[in-house]
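Order of listing sets the numbers, starting from 1, for every ligand and every atom in it. Remember, predicted model here, so these are calculated numbers, not experimental data.
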Amino acid sequence: MKFGYFDDDKKEYVITTPKTPSPWINYLGSEEMFGIISNTGGGYTFYRDAKLRRLTRYRYNGIPADQNGRYFYLRDQASGEFWSPTWQPIRKELDKYECRHGLGYTKIIGELNGIASEITYFIPLKSNTEIHRVKVKNTGKELRKLSLFSFLEFCLWNADDDDRNFQRNLNTGEVEVEGSTIYHKTEFRERRNHYAYYAVNKAISSFETDRETFIGTYENLNNPRSVREGKCSNSLASGWSPIASHCLEMELKPGQEEEFTFILGYVEVSKDKKFTSVGVINKEPAKEQMGKFFQEGAVDKALSKLSRYWKKILKPFQIECPDEKLARMVNIWNPYQCKVTFNLSRSASYFESGVGRGMGFRDSNQDLLGFVHQVPERARERILDIAATQLEDGGAYHQYQPLTKRGNSDIGDGFYDDPLWLILGVCAYIKETNDISILEESVPYENNPELAMPLVDHLFRSFYFTLDNLGPHRLPLIGRADWNDCLNLNCFSEEPGESFQTTGNKTGRTAESLMIAGLFVYTCREFAGLLNILGEEEHEDAVREAKQTMIDSIKHYGRDPEWYLRAYDFFGNKIGSDECNEGKIYIESQAWCIMAGVGKQDGFDRKALDSVEKYLATKHGIVLQDPPYSEYHVELGEVSSYPPGYKENGGIFCHTNPWIMIAEAMLGNNEKALDYYRRIAPAYREEISDIHKMEPYVYSQMIAGKAAHNFGQAKNSWLTGTAAWNYVAITQYILGIRPGYCGLIVEPHITDELAGTKITRHFRGTEYRIEFIKGEDKGLFVDGKKTMITEILPVADIIDVQYIF
Ligand code: GLC
Ligand code: GLC
């Protein structure tokens, strides 16, 4: 069952009913201001950091779902009837409803009894404002008198505190109103140098800033008192919960349309210019912002700028392809999601409440893989930020806060895969850009400028960190966890509520990870390649030697007869082995050992991939491990805390699936690679949206596995490393177009049905025009000449490449 359709020309997903199986959201903003917005206007706005600079309130896990947003109410003055043009929060059935989620904007259309409305929400580039453009049109035959009410609820900045510290918070709320602008200035009187405002470009008839006055005591957003009564009472919030609601009146002749521009703005003021008189805030910077967007035509202009911006972001990789689902994933939605995950890491979504995690060390490095070709200069900046949170011993803070860019000491370090991802991130950046100067950038350790060293030194310390932390089988120690945050082998947590990752009840140097072993071998290959182009022969040899030693350890201690083991636990017992009762086979170690080429010579790789297919693959994707744990195991940690089939306990953890696609492609099993791709790619799951539940235009972190009650049902959409890795799998391995250190590599692993595909790839200033053709004279042709060399140097403005198969 579908709840909408793709409009590929407009690059939009069009939702045709407000009653989607879950709120289907979109993201606004690309630099500093951000917002999430659902298909019924729900969501919130923040400046840079969803925890520390939250502008508006949202109620996670609310009843009914998805409450609080940038809401509007329309009221017919004659009949007293009122409704929400975006359906929520009133939820009155509309004659017409449509939500178009586009790149960086959302447009919601609603029509009732001859009044049509269209609301466009977006955050203009280079501006700390969020714009809500509201158009109201009389499509009937009689004159109509209407009132339009806006509504949003301010968050008292720190979203975490806002949700808990009521003994203070219910006293601090402060606003000012001037003309049609409502200023939210809580805590501006003391240490904050920023405020927010909500303004509209037309004269208002009344306003409300006190929530209870607007709604009524014990009333609800779906029947607010002021709307019911048809006017606001100009309440001034003092403590309690400040909101902003404007009331505007209009008279519309048949066919007449009225347009309003609302601005939700964020303003910073220098310390010495905060007030114009005691307690009166300096409104100049806000007025400047408003002046810009209240000008005739300014909103349209900002919208077209946004559309040009996205066109540029998507330009480096564009495909024309007989499979339209594949094309829309590769051209539009997958790169869009990559950009969003790059911007926000795992901070704010419908599942990530914005107050939890900051930027993850391993997450951000992986996000970069899907993003680096879009805006390389921002990737560069991100790499330097991440590297600055590395520790002197080569380990790393697991997370950092985007506002301060400092390592987060609550969670600390000790995730032993973290440092290796930095090498992969940097190698990917250099392959894309050829900018080896980044290696010379001086980057602090532990955010301490006195400990600064060139970036290349960080890479060496990352590499040696693994070698310095080997266990009894000469395999990498796992620390608190490796990529699988839920395999907590030194934790032994018995107390409910303890963090599985940070409660280390044992200091063990025995638990080892085959996933890190594979990742290390893979990383060595990348790193050695980099050292080679730098002419660092000695170092290159050392890396290659370490790689071989690790391969030997894996071969000796890392295999079962049919697949790679996953780990050794604290006591030295095997995890992910046929000897185990449950959790016999895990996906991560198969993936990484095979991608690293560990068992290429003796055919073990094929054997392991066949085991993946036999035990882990399902019609909805590949589960993380099997059989899932039916009981809690104190020696395994969080992985066994989930009911079977969910999350890391045998769920289809979508992040890992593209690793298997890559592995299959590398081994030449092209059919299988594409088949696995299609099982989880959202556009292919659109028809089963009723089962899948999440947005059909973006990946979710997890789809419930075969052991789960809700097999096939997704959760945690949007902010997941799944986006970047699927993008890598499809573009770099299945379609086979990936940057090398010297040129663009073209090594497709495709099936006959992709014959006729054309790809444009912009790489280091060259436009590669690549075509896949069925034909007799098989091979790779560059500007008409057959070649055996698959890495094609960017030596001309345009290079034609034909792959005949
Ligand atoms: C989540 C985390 C990521 C981790 C994965 C597997 O997606 O963000 O860091 O690797 O889960 O546990
Ligand atoms: C929880 C989640 C896991 C995630 C981790 C991040 O353990 O189950 O997916 O990686 O939190 O800290």
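Salt bridge Asp393/Arg461: absent, no basic N to carboxylate O contact under 4.0 Å. Between Asp482 and Arg566 there is a salt bridge, since at least one side-chain N of the basic residue sits less than 4.0 Å from a carboxylate O of the acidic one.
Within the 4.0 Å heavy-atom cutoff, Thr720 does not count among the residues contacting ligand 1.
When each atom of ligand 1 is checked for a heavy atom of Arg362 under 4.0 Å away, the hits are 3 (C), 4 (C), 9 (O), 10 (O). Atoms of ligand 1 found under 4.0 Å from any heavy atom of Gln701, numbered from 1 in the order shown, are 1 (C), 7 (O), 11 (O).
Within the 4.0 Å heavy-atom criterion, both parts of Asp485, backbone and side chain, lie near ligand 1.
Looking at His655 next to ligand 1, no N or O pair under 3.5 Å apart turns up.
Considering Asp578, Asp560, Asp626 as possible partners of Lys584, the one that fulfils the salt bridge (charged side-chain N to carboxylate O under 4.0 Å, His left out) test is Asp578.
Residues satisfying the side chain to side chain contact (heavy atoms under 4.5 Å, CB included) criterion with Lys715, sequence neighbours excluded, are Phe351, Tyr646, Met702, Gln713.
Here the CG-CG distance, from Asn657 to Leu616, works out to 9.5 Å after rounding to the nearest 0.5 Å.
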